[in-house]
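Here is the structure we will look at.
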Amino acid sequence: MPMLFSSRFKPEGFWLAVLAIAIFAMTLPLTRLAVGTDSAPQLSGLFVATARACLAAAFSGLFLWLTRAPWPSQRELRLLVFVAIGVVFGFPVLISVAMRHVQAVHASVILGVLPLATAVAGAWLHRQRPSPVFWLCALVGATLVMLFSLMRHPHQDFNLAWADVLLILGMVCAAGGYALGALLSSSMRSEHVICWALVISLPLNVPIALSTWPDAAITTPAWMALLYLALFSQWLGFFAWYRALSIGGTVRTSQVQLLQPFLSMLFAWPILGEQIDAMSLGFSIAVIAVIFFSRRLPVH
């Protein structure tokens with residue numbers, strides 16, 4: 001059984017988390033590519049969120065069959081419903097709708113506290129007690145991420161708008177879905193958690209995806225972005241992420257998410273042509289230092 005409450009640092013869980021976050025780092029820029037902008041719209045946010053879940057569910061059903069996954073117990077099924085609400089429907093829908101109206105860097109500021117929110121959810125659900133120094137590191141890391149985004153784009157309008165409310169709600173959904181998924185990984189294979197969550201969501205996602213199918217011409221890059229979101233952001237990334245959370249503990253492992261904005265920036269270079277500057281590298285090094293320091297702090 002995975003050691004959800006171990007206070008010891010485990011390298012395997014850490015590097016699996018890095019792999020998962022590298023996969024998730026493409027989510028915001030590719031969601032923006034898939035939905036387009038107000039002036040050049042592509043796929044609707046609701047279609048992107050539900051279609052990616054439907055595609056991932058098809059692969060999940062095949063994977064569950066090939067691995068002869070046992071049926072979830074009643075307790076597991078109840079928890080899977082909440083996982084599905086969080087990371088299969090809630091977060092993807094809210095983020096996809098919001099990304100039509102905000103830039104990726106704006107979203108990264110709002111979501112900069114996701115690692116801290118995940119740590120709080122994990123500490124509450126798993127009854128863990130991180131040290132005060134750990135919480136200080138989490139706050140420092142979140143502050144560095146938000147400060148970087150604000151300094152890199154000082155002229156953006158960050159007044160709280162309805163799109164920001166969607167991003168905040170999406171962050172809450174993700175944090176809860178991550179923590180509950182890690183909890184389920186103590187009684188079932190971590191890969192099966194996301195697969196079952198996707199499969200049980202099909203009755204909701206299929207009709208929405210069909211009813212929001214685009215009736216206008218969509219560019220090839222938008223379709224390719226949707227394919228990545230389905231196979232990697234919604235499916236394979238969770239294989240590594242839930243496994244990492246179950247090995248290293250939700251509270252400790254959640255801080256690896258601090259790397260996501262910087263990896264997104266790195267990946268945006270070949271995709272969107274954005275350049276990497278000295279300030280970006282400096283903040284990246286600072287955040288990595290915080291993560292490496294906090295990973296060995298006691299979590300009981």
Side-chain angles (χ1 to χ4, degrees), residues 20-60 87-111 149 152-153 155-157 161-164 166-167 169-171 173-174 194 198 201-202 204-238 260-276 280:
I21 294 308
I23 293 173
F24 292 155
M26 298 284 283
T27 300
L28 286 181
L30 287 181
T31 299
R32 177 73 166 178
L33 185 61
V35 301
T37 63
D38 286 328
S39 58
Q42 291 295 314
L43 301 165
S44 74
L46 197 55
F47 175 78
V48 168
T50 54
R52 83 182 218 178
C54 290
L55 286 171
F59 287 99
S60 294
V87 300
V88 175
F89 192 78
F91 180 78
V93 167
L94 293 166
I95 297 303
S96 297
V97 173
M99 288 306 294
R100 171 73 66 83
H101 307 284
V102 298
Q103 295 182 354
V105 67
H106 183 107
S108 71
V109 173
I110 303 299
L111 298 179
S149 297
R152 195 161 181 260
H153 296 264
H155 302 299
Q156 288 202 72
D157 178 15
W162 69 269
D164 297 322
L166 295 182
L167 290 170
L169 292 175
M171 177 192 66
C173 288
I194 189 60
L198 285 160
S201 301
L202 274 173
L204 176 63
N205 286 319
V206 168
I208 296 177
L210 291 176
S211 64
T212 56
W213 188 274
D215 53 8
I218 302 298
T219 64
T220 299
W223 286 116
M224 295 302 295
L226 175 62
L227 184 61
Y228 180 94
L229 293 171
L231 295 182
F232 293 94
S233 297
Q234 188 65 77
W235 192 48
L236 292 176
F238 278 96
Q260 189 164 327
F262 302 99
L263 291 175
S264 295
M265 172 192 63
L266 179 64
F267 294 143
W269 174 38
I271 296 174
L272 304 175
E274 296 184 3
Q275 299 299 313
I276 302 174
S280 302

Heavy-atom closest pair, residues [X] and [Y]:
{"X": "G170", "Y": "F91", "value": "O-CD1, 3.0 Å"}
{"X": "L33", "Y": "P221", "value": "CD2-O, 3.8 Å"}
{"X": "S233", "Y": "T27", "value": "OG-OG1, 2.9 Å"}

Got a sec, which residues hit ring pair (Phe, Tyr, Trp, His ring centres under 6.0 Å) with F232, two or more places apart in sequence or on another chain?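 Applying ring pair (Phe, Tyr, Trp, His ring centres under 6.0 Å) to F232 gives Y228.
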Can you check whether [X] reaches [Y] side chain to side chain, under 4.5 Å on heavy atoms?
{"X": "T31", "Y": "L28", "answer": "no"}
{"X": "L204", "Y": "V88", "answer": "no"}
{"X": "L94", "Y": "L167", "answer": "no"}

Can you sort out the partners of S201 under side-chain hydrogen bond (donor to acceptor under 3.5 Å, both in side chains), two or more places apart, ordered by chain and number?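 Residues passing side-chain hydrogen bond (donor to acceptor under 3.5 Å, both in side chains) with S201: none at all.
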Using side-chain hydrogen bond (donor to acceptor under 3.5 Å, both in side chains) as the criterion, list what pairs up with S60, not counting sequence neighbours. W235
Run the side-chain contact (heavy atoms from CB on, under 4.5 Å) test against A25 and tell me which residues pass, sequence neighbours left out.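 A25 satisfies side-chain contact (heavy atoms from CB on, under 4.5 Å) with Q260, L263, S264, F267 only.
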I would like to know whether V87 and I194 meet side chain to side chain contact (heavy atoms under 4.5 Å, CB included); could you show each step before the answer? CA-CA 9 Å; V87 300; I194 189 60; 4.2 Å; yes
Atom pair CE (M26) and CG (L229), whose distance is rounded to the nearest 0.5 Å: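 Reported to 0.5 Å precision, the distance equals 9.0 Å.
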Under the side-chain hydrogen bond (donor to acceptor under 3.5 Å, both in side chains) rule, what pairs show up with a residue in residues 208-223, not counting sequence neighbours? Q42-T219
Please tabulate, for the side chains in residues 47-56, all donor-acceptor contacts under 3.5 angstrom to protein atoms that are two or more places apart in sequence or on a different chain.
unit_1: T50; atom_1: OG1; unit_2: L46; atom_2: O; d: 2.8
unit_1: T50; atom_1: OG1; unit_2: F47; atom_2: O; d: 3.4
unit_1: R52; atom_1: NE; unit_2: Q234; atom_2: OE1; d: 2.9
unit_1: R52; atom_1: NH2; unit_2: Q234; atom_2: OE1; d: 3.3

